[in-house]
Amino acid sequence: MNAKEIRELFPILNQEVNGHPLVYLDNAATSQKPIQVIEALERYYREYNSNVHRGVHTLGTLATDGYEGAREKVRKFINAKEAAEVIFTRGTTTGLNFVAQGYARNFIGEGDEIVTTEVEHHSNFIPWQQIAKLTGATLKFIPLQPDGTITVEAAEQTITPNTKLVAMGYVSNVLGSINPVKEVASIVHRHGGVMVVDGAQAAPHLKVDVQDLDCDFFAFSGHKMAGPTGIGALYGKRHLLEKMEPVEFGGEMIDFVDLYDSTWKELPWKFEAGTPIIGGAIGLGAAIDFVESIGMDAIRDHEQKLVSYAMEQMSTIEGMKIYGPRERSGLVTFTMGDVHPHDIATVLDAEGIAVRAGHHCCQPLMKFLKVSATARASFYLYNTEEDVDALVKGLIKTKEYFGNVFS
Ligand code: 7TS
């Protein structure tokens, strides 16, 4: 299937916005959903909505099979050893906070180091900053290259025997850079620490193999990979999840409850208190089936061609500054002369083109790049060269509109 055929499977894309065909280039914020995912959600709510893991009635069994079946799909998708190592969460943010509260808070203390980078999304930054404040651990940052990339050598020089945890994004949501998480995991393991990977921008766009990366935790969101909002997964190695404390308490996650003490269910349910996100998990399972039917390698190849074409075309515009390395995932973050990124996004929106402007939840990185905001076009499997052409045309129009601010 080519991108144009894939596009037909996404009903939302077939509409006009402000009198122009919609060109959706805000996929790093959230992707659109194909008909297969919408139908899986509808089928669940129309035909077998029920709570899981409790009743013996038929709908309850169907819902439980759907929910646990989705867990197995996630396991296979990221190549975890066992489904018990996959915890359903609300998304990447929740997954990373679980590791911070359930693991780091209990196993990290004064004199220990937590290592992260200035490239991180706030979701993979603030939890560690706060845990460091709470525990007295030292927060350290791997020095960045001028283009914002992270080298193995810089990681090697920052990580020490005192480093108990390294938190790093696999793919940057601003620079598109692909970080050497496998190599960094090997360094931190040599020093006895754990490797936490923020996979929010990786899982939708490239083949993830948590065993090959040898990361200890890996968090991602369903909504950025054609799935519904409100669902994601946290992978953790069994031995770490076993010693990690539950973060939420209540129904579903207990074994026995006594007046003054309680015991927990086995993995992964120990971490899934309350009625879980059943419809969301089933929708995520359908999204995994969908992206796998296209093929993760095919998705990456398509995005590589698009991003190269976009960078080439955009570079021809006077005043264009593109951030990040040449080798990247499918997104382009840029500024254009002195035009404020919000103005760029506003003019593009009038042309039916959706891009994001702002700090992209990466204020430390904006500081590093010495900008207060940037604009970003991010691609997915349904975007086409025509979308890039529309973007470039829109940017030229923006430039003409604000022409006098170019020096
Ligand atoms: N980590 C990275 C690298 C991200 O890009 C995002 C969301 C998150 C974590 C948080 O994911 P959530 O699903 O829990 O919200 N990034 C963006 C973005 O770039 N624009 O909007 C959301």
Side-chain angles (χ1 to χ4, degrees), residues 24-33 74 78 87-101 116-129 144 148-150 166-179 181 184 195-206 208 213 215 217-235 247 277 280-281 283-284 287 303 307 323-324 328-334 341-342 345 354-366 368-369 371 373-380:
Y24 186 77
L25 298 177
D26 195 17
N27 294 286
T30 199
S31 73
Q32 301 302 349
K33 326 301 174 199
V74 173
I78 58 171
I87 298 153
F88 280 124
T89 63
R90 213 155 54 72
T92 309
T93 305
T94 316
L96 294 168
N97 275 281
F98 258 57
V99 182
Q101 295 300 328
T116 186
T117 82
E118 290 153 87
V119 182
E120 306 311 316
H121 186 281
H122 294 162
S123 297
N124 192 35
F125 191 87
I126 310 170
W128 312 118
Q129 178 193 68
L144 303 178
T149 51
I150 299 160
V166 175
M168 187 180 281
Y170 197 168
V171 175
S172 161
N173 64 317
V174 173
L175 305 173
S177 43
I178 300 168
N179 294 318
V181 287
V184 175
M195 180 73 186
V196 182
V197 177
D198 169 353
Q201 298 294 347
H205 306 287
L206 46 93
V208 170
L213 294 176
C215 56
F217 296 100
F218 184 96
F220 69 97
S221 305
H223 70 95
K224 293 187 199 287
M225 48 173 287
T229 47
I231 185 75
L234 172 68
Y235 158 81
V247 178
I277 317 150
L284 175 58
E303 289 176 9
V307 80
Y323 297 86
R328 60 171 64 205
S329 188
L331 61 85
V332 187
T333 291
F334 61 96
H342 280 120
V355 300
R356 182 171 173 190
H359 54 62
H360 313 286
C361 302
C362 290
Q363 289 186 12
L365 178 58
M366 294 296 118
F368 175 83
L369 297 173
V371 287
T374 58
R376 179 188 68 191
S378 51
F379 307 107
Y380 207 22

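Numbers here simply count residues along the sequence, with the first being 1. When a ligand or atom number is given, it counts from 1 through the structure's own listing order.
- Scored by the ring pair (Phe, Tyr, Trp, His ring centres under 6.0 Å) test, H359 finds H122 as partners (sequence neighbours excluded).
- Between the CD atom in E303 and the CG atom in L206 there is a gap of 8.5 Å [rounded to 0.5 Å].
- For ligand 1, the protein residues placed under 4.0 Å by at least one non-hydrogen atom are A28, A29, T92, T93, H121, S123, N173, D198, A200, Q201, S221, H223, K224, R356, R376.
- Applying the side chain to side chain donor-acceptor pair (under 3.5 Å) test to D198 and every residue at least two apart in sequence or in another chain returns nothing.
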TODO: Determine, stepwise, if the pair Y24 / T30 fulfils side chain to side chain contact (heavy atoms under 4.5 Å, CB included).
DONE: CA-CA 10 Å; Y24 186 77; T30 199; 3.7 Å; yes

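- Here F88 pairs with Y67 under the ring pair (Phe, Tyr, Trp, His ring centres under 6.0 Å) rule; sequence neighbours left out.
- Here the side chains of V196 and T116 are not in contact, with every heavy-atom distance at 4.5 Å or above.
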